[in-house]
Peer 1: 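Structure below; questions to follow.
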There are 2 protein chains.
Amino acid sequence: MEPLKTMSVVTDSPCPHRHNVNCGDCRMKALCLPLALELDQVEQLDRIIQRGRPYQREEHIYRAGDAFHAVYAVRSGAIKTFAMTDQGVEQVTGFYLPGEIFGMDGIAHTHHISSALALETSAVCEIPFTRLEDLSIALPSLQRHFFQLMSREIINDQRLVALIGKNSADERLATLLMSISTRNAKRNLSELRFRLPMSRADIGNYLGLTVETVSRVFSRFQKQRLLKVDKKEIEILDLGGLQELANV
Amino acid sequence: MEPLKTMSVVTDSPCPHRHNVNCGDCRMKALCLPLALELDQVEQLDRIIQRGRPYQREEHIYRAGDAFHAVYAVRSGAIKTFAMTDQGVEQVTGFYLPGEIFGMDGIAHTHHISSALALETSAVCEIPFTRLEDLSIALPSLQRHFFQLMSREIINDQRLVALIGKNSADERLATLLMSISTRNAKRNLSELRFRLPMSRADIGNYLGLTVETVSRVFSRFQKQRLLKVDKKEIEILDLGGLQELANV
DNA sequence: TTCGCGCCATGACGTGTGTCAATCAGGGTG
DNA sequence: CACCCTGATTGACACACGTCATGGCGCGAA
């Protein structure tokens, strides 16, 4: 057996969840807010960002009804956001991976209308919103970058509407898998082998399908030699075939 | 026959599409961008807004591929926005009524990725985006207001995802009708009688349904005495019943 | 007027996905 | 070890909605 890779969270370099990392040193800086900023501007942003201890699996970052005061960036792990319809039905609204921003739907109101929880142990940067607003006035490129981030969120949601409204179960799941694959590639992880952080139920909820259908599609994809599936471990055997199914 | 009501667009008071109206006099100012601004700030905003001649039915405000340089506010009429999937399938992404802002999905890129066209004769305010950004730096309340507008767009899209992913055809159409009804009420129009500006095909496309299903649901709603339907003219007979079906 | 064309409505039929139920594997606990 | 519990898989069946086809209505053109 090879030596243990990470003994504890206190180990200072290789632990992905350590929280004493500033933006300049963060592995995700190329994907995240600092993208459009000069070095000294990144330092200004850095000073307003708050980093707490990592969240454990199933722990909430915020809940619907909480006062809204920040947006969040994922540094490690995976986050799911979801809303409740007034009949008490959960609606998963998104899965967020390292380098991605979530919580922007809270800006419209004084309180969150959706919730966010960690799907696995996750480190999260908290960006107090009023201070981000102030800084955006001082740094026009930050303002622009944040407008663009929100616009991208709108585009993503619209694509999801199209996906759910017009595509079959196979196409929906293929699209989600391709999305995770390409997002992994951006983070220099394998685009062919990865572990899904969310349950089948979450996937179904997100894609407008039942758990049973999600399960059947996974089985079908295995029979067609598109995937190798072992619980949450996914290996893409035929990226081209999956891409063709996916709604790009 | 009674006297003609509006002889021409030059008539200065009752024509809903006239374009020589500034924000301060606009009937929609309570719903639109100026909402959060002081009087002198509204004047500043007013100076950057461009108002052209009204758009005719089926005329494009912008097309996918056009350079992005502005967001838009509807002053009269009705606008539909839509994207094309790369297989050439149209996806209607929204219907916009007077006082509402559209085009925010273009901010993320240098070019529009969706298109917008007038469903009927419509007057539209064009808000050049770089000037809006500049002004947002000078007027923090404008920056905040615009962040909130975009956030609201995100929330709307997420609700649409839930609607399409989890609700029946009846519930989807009821929700759209209730949405139009309440938006009409905000504009001091009747919430019980209105004319749908879009075709059955547009409704179906937006809600992830076929034209035939939309047609059948309208018929069903008439049999159940929820609605009176005459082509595009809608009269809501049982607002409570419709509300109950709607996903609020 | 008559023709043609969109748009809408309605019926017959097929099917993809939901529903319900049974079973299984894995992980935690006593 | 047995036990339970949650998540996942698989099968049988039902049904809501899509598909295909027909026909009507209203409107503009000739």
Side-chain angles (χ1 to χ4, degrees), chain A residues 56-58 78 80 87 89-92 117 119-121 162-177 195-224 226-234 245 247, chain B residues 56-58 78 80 89-92 117 119-120 162-177 195-224 226-234 245 247:
Chain A
Q56 298 305 312
R57 188 176 137 77
E58 291 288 287
K80 119 179 161 185
Q87 299 96 19
V89 184
E90 180 175 324
Q91 169 66 40
V92 175
L117 72 71
L119 290 168
E120 54 190 65
T121 306
L163 184 67
I164 295 179
K166 307 228 187 311
N167 290 73
S168 68
D170 286 27
E171 293 164 334
R172 293 185 217 179
L173 187 56
T175 304
L176 177 62
L177 292 173
R195 180 183 169 77
L196 294 173
M198 72 294 279
S199 70
R200 301 287 193 267
D202 285 337
I203 294 176
N205 191 311
Y206 177 69
L207 294 176
L209 300 169
T210 58
V211 203
E212 293 92 329
T213 301
V214 174
S215 212
R216 277 187 257 264
V217 176
F218 269 123
S219 305
R220 214 175 297 153
F221 282 179
Q222 283 200 95
K223 285 206 191 78
Q224 300 167 197
L226 289 168
L227 298 181
K228 200 153 146 305
V229 181
D230 176 25
K231 302 225 53 170
K232 298 191 168 179
E233 297 292 339
I234 303 292
L245 270 178
N247 184 16
Chain B
Q56 297 304 313
R57 187 177 138 78
E58 291 289 287
K80 117 178 163 186
V89 185
E90 180 176 323
Q91 169 65 42
V92 174
L117 71 71
L119 291 168
E120 54 191 61
L163 183 67
I164 295 179
K166 306 227 189 310
N167 291 76
S168 68
D170 286 27
E171 292 164 334
R172 293 185 217 178
L173 187 56
T175 304
L176 176 62
L177 292 173
R195 180 183 169 79
L196 295 173
M198 73 294 279
S199 69
R200 301 288 192 269
D202 285 336
I203 293 176
N205 190 312
Y206 178 69
L207 294 175
L209 299 169
T210 57
V211 204
E212 293 92 329
T213 301
V214 174
S215 214
R216 278 187 257 266
V217 176
F218 270 124
S219 304
R220 213 175 297 154
F221 282 179
Q222 283 201 95
K223 284 205 192 77
Q224 299 167 201
L226 289 168
L227 298 180
K228 199 153 149 304
V229 181
D230 176 25
K231 301 225 52 171
K232 299 193 167 177
E233 297 291 339
I234 303 292
L245 269 178
N247 184 17

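Keep in mind that what you see is a predicted model, and the values were worked out from it rather than measured. The figures here come from the full heavy-atom set of this structure, side chains too, leaving out hydrogens, waters and symmetry mates.
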Peer 1: Report the nucleotide, chosen from C:dC8, D:dT19, C:dT17, that has the shortest atom-to-atom distance to any side-chain atom of A:Ala169.
Peer 2: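 Between C:dC8, D:dT19, C:dT17, the one nearest the side chain of A:Ala169 would be C:dT17.
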Peer 1: Rounded to whole angstrom units, what separation is found between the CZ atom of B:Arg216 and the C1' atom of C:dC13?
Peer 2: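 In whole Å, C:dC13 C1' lies 11 Å from B:Arg216 CZ.
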Peer 1: Inspect the contact between B:Lys80 and B:Glu120 and indicate whether a charged nitrogen and a carboxylate oxygen are less than 4.0 angstrom apart.
Peer 2: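 No.
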Peer 1: Both A:Val229 and A:Gly165 contact DNA chain D. Which one's nearest nucleotide lies toward the 5' end?
Peer 2: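 Counting from the 5' end, the first nearest nucleotide belongs to A:Val229.
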Peer 1: What's A:Lys232 touching, base or sugar-phosphate or nothing? Going by heavy atoms closer than 4.0 Å.
Peer 2: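 If one applies the 4.0 Å heavy-atom cut-off, A:Lys232 turns out to touch the sugar-phosphate alone, with no base involved.
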Peer 1: Mind calculating the distance between CD (A:Glu212) and C1' (C:dT17) to the nearest angstrom?
Peer 2: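 One finds 10 Å between C1' of C:dT17 and CD of A:Glu212, rounded.
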Peer 1: May I have the distance from B:Lys223 (atom NZ) to C:dG11 (atom C1'), rounded to whole angstrom?
Peer 2: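 About 12 Å, once rounded to whole Å.
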Peer 1: Within the 4.0 Å heavy-atom criterion, would you say A:Ser199 contacts the bases, only the backbone, or no part of the nucleic acid?
Peer 2: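 Sugar-phosphate, backbone atoms only, no base.
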Peer 1: I need the residues from residues 200-210 of chain A with at least one non-hydrogen atom less than 4.0 Å from DNA chain D; give them sorted by number, or say none.
Peer 2: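 Contacts with DNA chain D under 4.0 Å: A:Arg200, A:Ala201.
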Peer 1: OP1, OP2 of D:dT10 versus side-chain N and O of A:Ser219: anything below 4.0 Å?
Peer 2: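 Indeed, a polar side-chain atom of A:Ser219 lies that close.
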Peer 1: By nearest nucleotide on DNA chain C, pick out whichever of A:Asn167 and B:Val214 is the more 5' one.
Peer 2: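 First, find each residue's nearest nucleotide; the 5'-ward one identifies B:Val214.
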Peer 1: Can you measure A:Met198 atom CE to D:dA8 atom C1' for me and round it to whole angstrom units?
Peer 2: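 Taking CE of A:Met198 and C1' of D:dA8, I get 16 Å after rounding.
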Peer 1: Which whole-number value in Å describes the distance from B:Lys166 NZ to C:dT17 C1'?
Peer 2: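 B:Lys166 atom NZ is separated from C:dT17 atom C1' by 14 Å.
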Peer 1: Could you state the atom-to-atom distance from CG of B:Leu227 to P of C:dC8 in whole Å?
Peer 2: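 Value for this atom pair: 16 Å.
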Peer 1: Ignoring the backbone of A:Ser168, work out which of D:dG18, C:dT17, D:dT10 is nearest its side chain.
Peer 2: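 It is C:dT17.
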Peer 1: Between B:Ile164 (CD1) and D:dA16 (C1'), how many Å, whole number?
Peer 2: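 Going from CD1 in B:Ile164 over to C1' in D:dA16 covers 16 Å.
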Peer 1: Working to the nearest 0.5 Å, report the span between CD1 of B:Ile234 and CZ of B:Phe218.
Peer 2: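 Spacing of CD1 (B:Ile234) from CZ (B:Phe218) equals 4.5 Å.
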